Every structure is written in structure tokens, then in C-alpha cells.
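Working notes, beginning with the structure itself.
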Amino acid sequence: RSSDLHKTLIAFWSSLDAYMILQLVILLCFTSLLLKIIRLHQRRKELVKAFAQFPGPPCHWLFGNVHEFRQDGTDLDIFVSWASQYKYANTVWFGNYTAFLCITHPEYAKVIFGRTDPKDNMAYGYLAPWIGRGLLVEKGQKWFQHRRLLTPGFHYDVLKPYVNLITSSTKVMLDKLENLILKDRDRKS
């Protein structure tokens with residue numbers, strides 16, 4: 001039976017000329033492209049539904065909010081202005097099919113960070129080359145092993161001798177941040 005099938009397939013493929021093969025390839029490519037477009041459209045609908053309750057800056061139908069970022073050192077200022085405009089959280093669209101939720105209120109952040117949902121591969125994928133594959137990026141068994149190794153290091157008795165050092169360093173950092181803010185206000189006025 002398999003030899004009959006094999007002979008039939010050989011006869012079929014040998015009967016095709018180059019033009020028919022080209023038509024089949026084009027049809028397969030078109031079908032694949034159409035399926036990808038349908039999947040992207042479904043993904044867009046899911047994202048719009050998920051982020052419907054969060055306001056956000058108006059976005060371009062194709063580019064999202066990307067056109068607002070000029071890469072001239074003021075991109076963070078755009079996020080700060082959106083944070084003051086949208087008090088709790090806002091959506092930022094990078095293109096038509098990728099959206100992020102920027103959380104700007106501590107209570108919202110507490111709820112989100114308290115969840116145990118799986119980590120987002122897209123966001124953490126950008127971090128991995130910079131910080132390596134440690135506790136923040138890993139998941140599953142490897143994350144559990146790293147966490148088990150680090151937990152004793154954060155016990156209260158281990159950290160107790162460092163409280164004064166941490167407190168003084170925090171005060172120095174806050175003073176420096178306050179000076180930077182005052183300089184920035186003076187520069188803007």
C-alpha cells in the first residue's frame with residue numbers, strides 16, 4: 001500500500017510543471033499571510049478589550065504612541081507627563097499590536113506585583129541580556145532554586161547590622177534627588 005501511495009505522489013509531482021508549482025507556492029504564502037493577519041487582528045481585539053478600562057494618550061492607528069518618542073533624551077519626560085495626566089495607570093501602544101500598561105499609583109502597583117502570574121517573556125526578554133538569567137528573569141524550577149539560595153541572605157538578623165548604612169545611604173540619595181529636582185525646576189522657570 002505504501003508503495004502505491006509513493007508511486008501516486010511521484011506521478012503527481014512529476015506531472016506538475018513549474019508554473020503550477022509557482023501557483024501552489026504563492027497560494028500557500030498568501031494563505032499563511034492571511035492567517036497571520038487574522039491572528040494579529042484577534043490579538044489586537046484582545047488587547048483593546050483588556051485595556052478598555054484604562055485611559056491613555058491618543059495613538060496613531062498603525063504606529064500607536066511610538067511617533068511621540070523622539071529619542072532625543074526627552075522620552076522619559078513623555079512618560080512623566082502621561083503619569084501626571086492619567087493618575088492611576090495608562091496604556092502605551094508600540095505599534096498596532098503591542099501594548100503596555102504603565103502603572104503610576106502605588107496601590108495599583110501593589111495589586112499587580114502581588115500576583116503570581118507567569119512572567120511576561122517580552123518584557124523580561126529585553127532585560128536578560130543586560131542583567132543575565134538570575135532570579136528576576138528566571139521562572140519555574142531554576143527560579144525556585146535561586147530563590148531558595150537567596151532567602152537566608154535577606155533574613156532580619158542578617159540585615160540588622162546594615163540598617164544604619166542603608167538609612168544613611170538612602171538619605172544621601174534622597175538629598176541628591178531633591179537637589180536635581182530643584183535644579184530642574186530652576187532651569188524650567
Side-chain angles (χ1 to χ4, degrees), residues 26 28-140 142-143 146-147 166 169-189:
I26 291 173
L28 287 174
C29 290
F30 180 74
T31 304
S32 175
L33 180 66
L34 186 63
L35 287 173
K36 182 67 174 174
I37 290 171
I38 290 170
R39 277 193 225 121
L40 284 172
H41 181 67
Q42 288 174 336
R43 172 83 173 134
R44 166 77 178 176
K45 283 174 48 176
E46 290 171 1
L47 287 172
V48 167
K49 183 179 177 184
F51 292 132
Q53 60 188 344
F54 298 103
C59 61
H60 187 269
W61 69 272
L62 180 62
F63 303 120
N65 300 109
V66 172
H67 67 284
E68 297 194 34
F69 300 109
R70 296 183 235 13
Q71 297 181 351
D72 61 355
T74 62
D75 294 343
L76 190 56
D77 295 335
I78 295 169
F79 277 104
V80 171
S81 70
W82 288 342
S84 64
Q85 187 177 358
Y86 306 103
K87 297 293 180 194
Y88 301 103
N90 66 288
T91 56
V92 178
W93 287 87
F94 289 95
N96 202 9
Y97 304 104
T98 305
F100 294 96
L101 181 64
C102 295
I103 301 167
T104 56
H105 194 274
E107 291 302 317
Y108 274 41
K110 191 184 299 184
V111 171
I112 297 294
F113 293 137
R115 298 179 58 120
T116 58
D117 295 347
K119 295 178 179 178
D120 176 27
N121 288 335
M122 183 174 190
Y124 285 105
Y126 289 115
L127 288 176
W130 296 341
I131 64 173
R133 302 213 57 91
L135 185 62
L136 182 64
V137 179
E138 286 296 340
K139 54 188 168 198
K142 196 162 187 177
W143 174 86
H146 286 204
R147 172 68 192 265
I166 293 170
S169 297
T170 304
K171 286 180 182 177
V172 167
M173 181 187 72
L174 290 174
D175 289 341
K176 288 182 178 183
L177 287 174
E178 188 174 7
N179 288 336
L180 286 173
I181 291 170
L182 292 174
K183 285 180 185 177
D184 190 49
R185 283 185 188 159
D186 290 344
R187 184 178 53 107
K188 289 182 179 178
S189 59

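Bear in mind the structure is a predicted one, so any value in this text is a computation, not a measurement. Residue indices begin at 1 and follow the sequence shown.
- Under the 4.0 Å criterion applied to side-chain N and carboxylate O atoms, Glu107 and Lys110 are assigned as salt-bridge partners.
- Side-chain N or O atoms of Thr98 include none that pairs as donor or acceptor with a backbone N or O of Gly95 at under 3.5 Å.
- Counting only heavy atoms from C-beta outward, the side chains of Tyr86 and His105 never approach each other to under 4.5 Å.
- For the pair Ser32 (side chain) and Leu28 (backbone), a donor-acceptor distance under 3.5 Å is absent.
- The main-chain N or O of Arg70 is found under 3.5 Å from a side-chain atom of Asp75 such that the two form a donor-acceptor pair.
- No more than 12 heavy atoms of other residues, nucleotides or ligands shown are found within 6.0 angstrom of NE2 on His41.
- In this structure, Lys183 NZ and Glu178 CD are separated by 12.5 Å, a value rounded to the nearest 0.5 Å.
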Legend entry - side chain to side chain contact (heavy atoms under 4.5 Å, CB included) between Val92 and Trp82, worked out: CA-CA 10 Å; Val92 178; Trp82 288 342; 3.7 Å; yes

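- Separation of atoms CG (Leu174) and CG (Asn179) is listed at 11.0 Å; rounding is to 0.5 Å.
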Legend entry - Stepwise side chain to side chain contact (heavy atoms under 4.5 Å, CB included) test for Trp93 and Val48: CA-CA 10 Å; Trp93 287 87; Val48 167; 4.1 Å; yes

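- Atom CG of Leu40 and atom CG of Leu35 lie 11.0 Å apart (nearest 0.5 Å).
- Using modelled atom types, one side-chain atom of Ser84 and one backbone atom of Ser81 make a donor-acceptor pair closer than 3.5 Å.
- With rounding to the nearest 0.5 Å, the separation of CD in Gln53 from OG1 in Thr91 is 11.0 Å.
- For the pair Thr104 and Ala89, the tightest heavy-atom approach, listed with the atom from each and the gap, is OG1-N, 3.7 Å.
- For Phe79 and Phe69, the ring centers are positioned less than 6.0 Å apart.
- Tyr108 and Tyr88 have parallel rings, their planes meeting at less than 30° on a 0 to 90° scale where 60° marks the start of perpendicular.
- Distance check, rounded to the nearest 0.5 Å: CG of Leu180 to CG of Asp175 gives 11.0 Å.
- In summary, Asp184 and Arg187 engage in a salt bridge, as defined by a charged side-chain N under 4.0 Å from a carboxylate O.
- Side chains of Leu101 and Phe51 form a contact here, defined as non-hydrogen atoms less than 4.5 Å apart.
- Annotation for Tyr97: atom OH counts as buried by contact number, over 12 foreign heavy atoms lying within 6.0 Å.
- Remark: the backbone N or O of Lys139 is not paired with any side-chain donor or acceptor of Lys142 at under 3.5 angstrom.
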